[in-house]
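Naming convention: chains lettered A, B, ... in sequence-line order (proteins, then strands); numbering from 1 in each chain.
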There are 4 protein chains.
Amino acid sequence: MPTSPADHESEHDAARPRRERRKEARPGELLDAALTLFVEKGFAATRVEEVAARAGVSKGTLFLYFPSKEDLFKAVVRENIAGRFDEWNQELEAFDGSSADLVRYCLHSWWERIGMTPASGITKLVMSEARMFPELAAFYEHEVIEPGDRLLRRVLERGISRGDFRPTNLDYAVYSLISPMIFLLMWKHSLGPCCPSTREIDPVQFIDTQVDLILHGLVATPHTLSS
Amino acid sequence: MPTSPADHESEHDAARPRRERRKEARPGELLDAALTLFVEKGFAATRVEEVAARAGVSKGTLFLYFPSKEDLFKAVVRENIAGRFDEWNQELEAFDGSSADLVRYCLHSWWERIGMTPASGITKLVMSEARMFPELAAFYEHEVIEPGDRLLRRVLERGISRGDFRPTNLDYAVYSLISPMIFLLMWKHSLGPCCPSTREIDPVQFIDTQVDLILHGLVATPHTLSS
Amino acid sequence: MPTSPADHESEHDAARPRRERRKEARPGELLDAALTLFVEKGFAATRVEEVAARAGVSKGTLFLYFPSKEDLFKAVVRENIAGRFDEWNQELEAFDGSSADLVRYCLHSWWERIGMTPASGITKLVMSEARMFPELAAFYEHEVIEPGDRLLRRVLERGISRGDFRPTNLDYAVYSLISPMIFLLMWKHSLGPCCPSTREIDPVQFIDTQVDLILHGLVATPHTLSS
Amino acid sequence: MPTSPADHESEHDAARPRRERRKEARPGELLDAALTLFVEKGFAATRVEEVAARAGVSKGTLFLYFPSKEDLFKAVVRENIAGRFDEWNQELEAFDGSSADLVRYCLHSWWERIGMTPASGITKLVMSEARMFPELAAFYEHEVIEPGDRLLRRVLERGISRGDFRPTNLDYAVYSLISPMIFLLMWKHSLGPCCPSTREIDPVQFIDTQVDLILHGLVATPHTLSS
DNA sequence: CATGAATGAGAGTTCATTCAT
DNA sequence: TATGAATGAACTCTCATTCAT
């Protein structure tokens with residue numbers, strides 16, 4: 001049977017039987033595959049069969065672990081935003097350097113733990129699909145945006161209460177910190193990969209620049225720029 | 001321009017006041033409808049029939065003007081990133097205030113002319129779909145990102161050459177100006193509409209805050225923040 | 001292009017264009033096809049594509065008229081149980097023969113108008129699928145069983161009130177009339193078609209026999225058969 | 001009978017009172033579960049996993065005993081139409097009451113041994129699925145319809161030869177006896193369970209009524225009902 | 001030009017069946 | 001013998017696209 005597509009690899013089959021029992025590993029592999037593809041192509045344009053194939057299983061297997069494509073999507077989001085906030089909050093409590101250093105530490109540590117990892121794709125994903133999945137957007141807001149907002153707010157309050165920072169409108173100070181993160185994210189996952197010709201952005205240097213600006217604003221005696 | 005579907009009846013329009021919705025407006029209406037829906041739901045989740053219905057025509061008519069859904073998408077992007085850069089460049093040349101004011105003017109004028117209008121959806125759209133439409137992303141980069149980058153760069157160079165700003169790394173200074181715009185955009189089109197519970201952001205105030213920060217950085221004597 | 005599968009019939013195409021506009025006729029044709037197939041193979045084993053093919057349209061067209069397979073099923077049931085009861089009730093009112101003749105007329109007329117037509121498949125269908133579609137079964141009961149029951153009951157009451165029939169338990173007398181109809185139905189649609197070897201049943205003669213039996217019971221002086 | 005999966009452990013059963021659900025009962029438990037579910041939902045809508053679960057085994061185990069779902073279905077039918085005809089035939093030979101009583105006894109005994117038990121589901125099942133399983137329908141006809149027909153025919157012939165019944169067309173007399181059984185069956189398994197609102201049918205009373213009618217016809221001097 | 005009925009490739013989902021353990 | 005993870009063919013349903021009118 002020379003035409004059988006299954007032949008030219010039959011000797012490998014004995015080595016890695018098709019039906020390995022690896023129930024524990026499956027969900028994780030599927031979630032990884034799904035994260036990558038969802039971030040790359042968006043929810044609708046990603047076919048479940050692709051996800052399954054990338055995880056090395058068949059389409060049917062995916063539905064063994066996730067009842068629907070939408071549930072898979074939700075699981076991807078849930079999986080990747082797991083409470084890193086506990087860890088961060090503890091670090092914040094334990095931190096005993098200057099408030100400026102704490103701010104700097106926060107953003108760099110975000111980049112290292114989220115921004116530069118595949119997990120950062122989640123934010124891009126949620127932003128792209130939020131209008132299609134309001135429920136997920138709400139979930140994301142509740143699980144990520146709000147805790148993050150509280151964390152940064154506490155950092156700033158610490159600075160103010162210690163006299164490191166001058167009193168300021170916390171809302172907009174927080175946005176000033178979030179804004180560069182979103183910029184980096186979108187660059188990393190959207191235009192960056194599509195326009196390789198573009199001048200490279202060094203995220204660490206960009207974060208440094210932004211933190212410097214923000215800290216300038218926070219610590220400097222406010223001066224009026226004539227308008 | 002004999003091939004333009006918009007031309008050959010334009011003189012009759014004034015004569016037929018109501019009824020007979022101006023035929024030559026069709027493509028524009030379709031593009032408007034498509035922009036709204038693409039921004040709201042993404043490319044894949046928007047059905048051409050919906051676009052047609054929102055534009056008040058039948059599905060078939062849409063294909064009379066745009067050979068495919070993808071072409072419609074491209075037309076939407078192309079149509080909506082039309083070069084305001086000429087206008088802006090002229091204003092920049094003519095501007096004779098302080099460089100700080102010029103920066104401030106740039107960002108506020110961006111908000112008024114782009115950010116707060118439906119046109120801002122395009123950036124969100126392009127960012128969301130860039131990976132699926134690399135060609136479009138490249139087009140966008142060439143038509144928007146790069147001219148915008150050049151414009152801002154020239155603004156900064158003007159400040160430096162006039163002695164208003166201290167010399168600085170222009171790349172990151174430009175990113176500092178772009179970053180809040182992207183933040184506002186994504187907030188306006190993604191999470192904002194889905195999470196009405198969230199604290200409202202006042203874009204003008206946010207821009208003010210950001211501009212102040214950046215100008216601080218640009219004009220201030222650099223001081224070292226111990227790290 | 002000798003390999004094109006579309007060629008060998010191209011001359012016929014002009015004769016019967018593929019896309020005839022026959023919106024009005026479609027639903028009926030689809031319902032007919034669906035009735036036949038549902039009765040033959042049951043709901044689950046009938047593929048919508050088969051129904052469409054039998055109606056001479058494509059799969060997609062079916063969904064233009066019926067939003068889902070289940071809706072098609074419901075429409076088939078609804079379509080075929082349309083109120084013939086008005087007509088029958090009028091005939092009943094107008095009938096001025098003997099009550100025995102009226103009973104005889106009822107059953108024979110049922111056979112001619114329902115039993116021997118494809119419409120009789122509906123009852124077989126509903127009985128086969130009732131447990132899967134309780135809602136439909138209820139609908140059928142409300143639209144067919146109950147009106148039919150009332151009709152037969154009125155026939156019997158007419159006989160009793162005119163002194164043609166002796167007083168009797170109407171419930172069971174009605175069941176006696178329904179029972180042979182169901183027998184005929186199931187024979188016609190279930191075992192009959194599968195076992196052509198079987199002795200043929202002449203429905204008219206069977207009905208005659210049954211009516212004679214029932215009328216015997218209705219008109220005869222009750223006598224006790226020792227048990 | 002070495003191939004019977006039920007044999008080789010039967011003596012141990014008494015010794016292991018609880019636990020270790022008797023292995024040799026498996027096929028029987030599966031057949032029971034399958035009968036119930038097939039009757040309730042039909043062949044196609046019943047999932048083998050459900051059958052297995054109801055029998056307390058895994059999906060794989062079911063396929064150990066029945067090579068396919070279709071084979072399971074056939075086994076269910078074959079198993080449940082087991083010849084009670086030997087028993088009945090013997091009772092018929094031994095019966096020495098009146099022929100009227102024998103007819104009455106036949107139908108009541110059918111109700112008690114078949115009609116009111118789950119076994120009656122088989123007939124409903126076969127009728128519902130006959131068109132999809134003509135082979136099974138033929139089998140059923142051969143194993144049930146024909147022996148039943150012969151049995152009833154012999155009962156009637158006994159009556160005629162003893163002078164209890166007048167000569168008559170045996171075919172239609174037999175159908176008159178079968179018809180109420182089918183009515184009861186379909187009521188019990190189809191519309192009845194779905195339309196709990198409906199007037200209850202007392203099967204015993206219904207059978208009584210029907211038998212009385214039929215006996216009337218069989219014993220009475222034929223009289224003409226004007227038509 | 002405009003329509004909308006018709007199409008059919010393609011996607012998500014189900015489930016009988018297999019087989020390594 | 002029993003399990004249940006894995007498979008993939010089959011099915012329902014969607015929607016961009018076509019084309020006769």
Figure out the [atom1]/[atom2] separation between [X] and [N], and round it to whole Å.
| X | N | atom1 | atom2 | value |
| --- | --- | --- | --- | --- |
| B:Glu50 | F:dT17 | CD | P | 15 Å |
| A:Leu37 | E:dG12 | CG | P | 12 Å |
| C:Phe66 | F:dT14 | CZ | P | 15 Å |
| D:Glu49 | F:dA6 | CD | P | 14 Å |
| C:Phe73 | F:dT12 | CZ | C1' | 16 Å |
| A:Phe43 | E:dA11 | CZ | C1' | 11 Å |
| B:Asp71 | F:dT17 | CG | C1' | 12 Å |
| A:Lys41 | E:dA11 | NZ | P | 9 Å |

Pair assignment for E:dT17, Watson-Crick or G-U wobble, requiring both distances under 3.5 Å: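 Pairing partner, where one exists within any strand: F:dA6.
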Charged N-O contact under 4.0 Å between A:Glu29 and A:Arg54: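 Judged by the 4.0 Å cut-off on N to carboxylate O distance, A:Glu29 and A:Arg54 do not form a salt bridge.
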Salt bridge present between D:Glu135 and D:Arg78 (N-O < 4.0 angstrom):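 Answer for the salt bridge query: yes.
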5′-ward residue of the pair D:Gly60/B:Pro67 relative to DNA chain F: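 Its nearest nucleotide being more 5', the pick is D:Gly60.
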5′-ward residue of the pair B:Phe63/C:Thr46 relative to DNA chain F: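 Checking each residue's closest nucleotide, the 5'-ward one belongs to C:Thr46.
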Distance-only donor-acceptor test (3.5 Å): side chain A:Lys69, base E:dT13: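 No, no donor-acceptor pair under 3.5 Å.
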No-H, no-angle donor-acceptor pair, A:Lys59 side chain to E:dG10 base, under 3.5 Å: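 Answer no: no donor N or O sits under 3.5 Å from an acceptor.
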Check: B:Phe133 ring centre within less than 6.0 Å of B:Phe139 ring centre: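 No, the ring of B:Phe133 stays outside the 6.0 Å limit from the ring of B:Phe139, centre to centre.
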F:dT3 phosphate, OP1 or OP2, under 4.0 Å from D:Thr61 side-chain N/O: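 Indeed, a polar side-chain atom of D:Thr61 lies that close.
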Under 4.0 angstrom between A:Tyr65 side-chain N/O and F:dA5 OP1 or OP2: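 It does not, given that no N or O in the side chain of A:Tyr65 lies less than 4.0 Å from OP1 or OP2 of F:dA5.
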D:Leu30 versus D:Ala55, closest heavy-atom pair with distance: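 So the minimum-distance heavy-atom pair works out to CD2-CB, 3.6 Å.
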Options F:dT17, F:dG8, F:dG4, nucleotide nearest the side-chain atoms of D:Ser58: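 Comparing F:dT17, F:dG8, F:dG4 against the side chain of D:Ser58, the answer is F:dG4.
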Donor-acceptor contact present, side-chain D:Glu129 to main-chain D:Val126, <3.5 Å: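 Side chain of D:Glu129 to backbone of D:Val126, a donor-acceptor pair under 3.5 Å: no, none is there.
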C:Leu62 vs B:Gly56, nearer the 5' end of DNA chain E by closest nucleotide: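 Its nucleotide being nearer the 5' end, the pick is B:Gly56.
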Toward the 5' end of DNA chain E, by each residue's nearest nucleotide, B:Leu64 or A:Glu70: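 On the 5' side of the pair lies B:Leu64.
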Sugar-phosphate, base or nothing in reach of B:Val48, heavy atoms under 4.0 Å: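 Base contact - B:Val48 has a heavy atom under 4.0 Å of at least one base atom.
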